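Data block below; observations after.
All values reported here derive from a predicted model rather than from experimental measurement. All chains are named by letter (A, B, ...) in the order of the sequence lines, taking the proteins before the strands, and each is independently numbered beginning at 1. Keep in mind that the numbers below use all heavy atoms, side chains included, and drop hydrogens, waters and symmetry copies.
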Amino acid sequence: MKQIVFIISLIVGFAFSAEAQNYKVIVNQSNSQSTITKKEASSFFLKKKSKWASGEKVKAVDQTPKSTTRSSFSSEVLGKSIGQIRAFWQQSVFSGGATPPQEMKSDAEVIQYVKANKGAIGYVSAGANTAGVKVITVQ
Amino acid sequence: MKFYYLLLVALIVPFSLFSQDEEEEWQPQTHVTGYINTIAEYNTVDSWREANKDVGIGLSEVGFLASYKPLEKLELKSTLVYSHLTANIQAMVVETYAKYGFNKSLNVSAGKFLAPLSPINTYFYAPLNPSGVLPMLVGHFYIYPQSISGFQVSGMAGDDMKVEYNVTYGNYTTKGHMSSGITSMIGYEDLIDFPGAPGKTNEEQNYDLGGSGRVAFKYGDLASIGANMFTGTRATLAAVDYSTGEQVVTYPTSQKNSFGVDAHLNVNDQFKLNAEYWTGYNETNELVDLGAADEVKLEYDGYYVELIYNTGKFTPFARYEQLSDGKGVIALAGLTGPIMVANASVSSIGGGIAYRPIYEVLLKFDYRLLNTEMDDGAKAIGMEEDSYSHIMLSTVFSF
């Protein structure tokens, strides 16, 4: 019986660890926010909102479509696959709306951009070295 | 002295408006996207133009869009759409403009614009349309032209509740119907195709002045309503004289005024309802000068209702449309005799499904049942009523 409970615990533990967040959302050091809701993050990355509560302009930055970090961030925070997001931007651009956020090729490029721009927000892999930027929690 | 102060202010203010915040560096941004649309279509029309074309397979359109933002407030954009029915390079350039955004409420643009009159106008671009078929309000290009070249002012105000507007003025090509698809059925669903219809011949494509305006109220992504108008200094109006046994076509100086309203509902990006209604008229006094009649005023109207359900990859939809446009003036007894108007109205009910398994691939299947009604003028010149089916399979590859 004890062995069965142990095995079940391992399975459940594995299941939870598999769902652990494998990205970190980062903002510029000067940003006073330490948390962000999924809805707010979505409105920033889809350019539906252009300013932080402080009045600073939002500068969202994406990673390339092949990035696994982007795949996790898109599905968990934006609630859409990368393909759906690209279709959204195709519609926006052809309709005369906003163009998509800049795409960076690596975590390092995202971090460099966020460091250099006050209103910037981006995401990097969970293991990335985020010295110089601020990690915020997505609720 | 006051004059010199005012002059100084007048010189400085424009420069301050165009000033760039130099504290944060802007990295120029480029965006490129496009699509290739290949179709197979079939219709059951009894007779269609000089050759009975009931089946067609081939490349329908290729679209290419490039956008470049050298400055944060300046955007350059160009959209080209090639169709095997495109008459010339000028027609391929659907949009090309530079836009300077002073702020959210005020953007000033110069160039050529897709007549930005209502959301379904963007269905002109294949990836944005869940159906492989253009709505007739758009595809006939009769209510308003495809593009206007000149200047545009646009902007928005508000956050969750928004007001958006755009005003465009410049010249436009006087074209009526414009065929698309492989059998050229799309754009001519009413089957009325009498000689001299604007758009049929190139020599009468004039570049006349016209303007469009739109104001829309939006509540988040949930709902929006809009009001639109177009006014042009030349109407898609042809006077055809059959009295001599030969068709003599003239294009009287005329005015076109179109007015439309649109409403849209979007529930969680899953359920969407789109509806539009347009009405307007072409009017001319020139036939009076020829002794033919008092002022001639031809009215037209049309509407469109669409239900879409988006499951993510699959998008089934249903659509109903109706369009009635006064094609022209027929003087059976010569231009000094009785005037008759040839008019056709067409209704379409149909639906289909779009399937987009990945971003790059979009498959669409459409079926619609169309019904045309001809008035006495159209029947007098040999047009026949018909009820027919139109089926289309589209493959749209995006990059």
Side-chain angles (χ1 to χ4, degrees), chain A residues 28 30 39-40 42-44 46-53 55-62 64-66 70-71 74-75 78-105 109-110 112-120 122, chain B residues 21 23-35 63 65-69 72 75 77 79 81 94-95 97 99 103-104 107 109 113-114 116 119 121-129 152 154 159-160 162 164 166 220-221 268-269 310 312-313 315 356-362 398-399:
Chain A
N28 186 273
S30 66
K39 187 178 173 186
E40 197 177 12
S42 183
S43 64
F44 287 160
L46 299 181
K47 293 195 179 181
K48 292 180 183 180
K49 270 197 172 175
S50 57
K51 289 191 177 172
W52 293 94
E56 188 69 50
K57 271 189 231 173
V58 175
K59 293 185 177 178
V61 61
D62 252 320
T64 60
K66 293 196 175 175
R70 180 173 178 180
S71 177
S74 274
S75 61
L78 307 185
K80 296 183 195 294
S81 67
I82 293 178
Q84 289 171 322
I85 295 294
R86 292 181 72 195
F88 168 84
W89 284 118
Q90 186 181 50
Q91 171 136 25
S92 175
V93 168
F94 269 110
S95 325
T99 48
Q102 270 188 289
E103 289 181 356
M104 300 294 168
K105 291 178 189 165
E109 284 189 15
V110 173
Q112 189 179 0
Y113 181 88
V114 170
K115 254 193 217 172
N117 291 277
K118 281 184 197 164
Chain B
D21 183 358
E23 291 180 8
E24 293 184 7
E25 195 180 311
W26 171 260
Q27 293 177 340
Q29 295 178 10
T30 304
H31 186 76
V32 170
T33 183
Y35 59 90
L65 181 151
S67 158
Y68 177 58
K69 289 187 83 170
E72 187 174 359
E75 180 185 7
K77 176 182 167 187
T79 311
V81 177
V94 175
E95 289 190 283
Y97 61 80
K99 178 165 81 174
N103 53 52
K104 228 169 56 164
N107 302 295
S109 310
F113 312 92
L114 186 71
N121 206 46
T122 58
Y123 277 4
F124 182 73
Y125 302 123
L128 276 57
N129 184 0
Q152 182 182 97
S154 61
D159 213 344
D160 290 328
K162 277 185 203 166
E164 293 180 353
N166 67 60
D221 290 330
N268 295 328
D269 273 338
N310 184 3
K313 291 187 178 178
T315 308
R356 196 166 196 173
I358 56 176
Y359 165 75
E360 289 82 359
V361 177
L362 173 59
S398 293
F399 57 90

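Here the closest non-hydrogen pair linking B/Lys104 and A/Ser50 is CD-OG, 4.5 Å. Across all non-hydrogen atoms, the minimal contact from A/Gln84 to B/Gly312 is NE2-CA, 3.4 Å. Of all non-hydrogen atoms in A/Gln90 and B/Leu128, the two that sit nearest each other are O-CD1, 4.1 Å. Between A/Pro100 and B/Gln29, the closest heavy-atom pair is O-OE1, 4.2 Å.
In this structure, B/Thr33 OG1 and A/Gln91 CD are separated by 12.0 Å, a value rounded to the nearest 0.5 Å. For the atom pair CH2 (A/Trp89) and NE2 (B/His31), the distance works out to 9.0 Å, reported to the nearest 0.5 Å. The OG1 atom of A/Thr99 lies 5.5 Å from the CD atom of B/Glu75; values are rounded to the nearest 0.5 Å. From A/Ser95, atom OG reaches atom OH of B/Tyr123 across 10.0 Å, with rounding to the nearest 0.5 Å.
Other residues, nucleotides and ligands contribute over 12 non-hydrogen atoms within 6.0 Å of the CD atom of B/Glu164.
Contact annotation for B/Phe113: neither backbone nor side-chain heavy atoms come within less than 4.5 Å of a heavy atom of chain A. Only the side chain of B/Asp269 comes within less than 4.5 Å of a heavy atom of chain A; its backbone N, CA, C and O stay farther away.
Less than 6.0 angstrom separates the ring centroid of A/Phe94 from the ring centroid of B/Tyr35.
Not one N or O on the side chain of A/Lys49 forms a donor-acceptor pair closer than 3.5 Å with the backbone of B/Asp159.
Between chain A and the residues B/Ser67, B/Gly34, B/Pro127, B/Ser154, the largest count of heavy-atom pairs under 4.5 Å involves B/Pro127.
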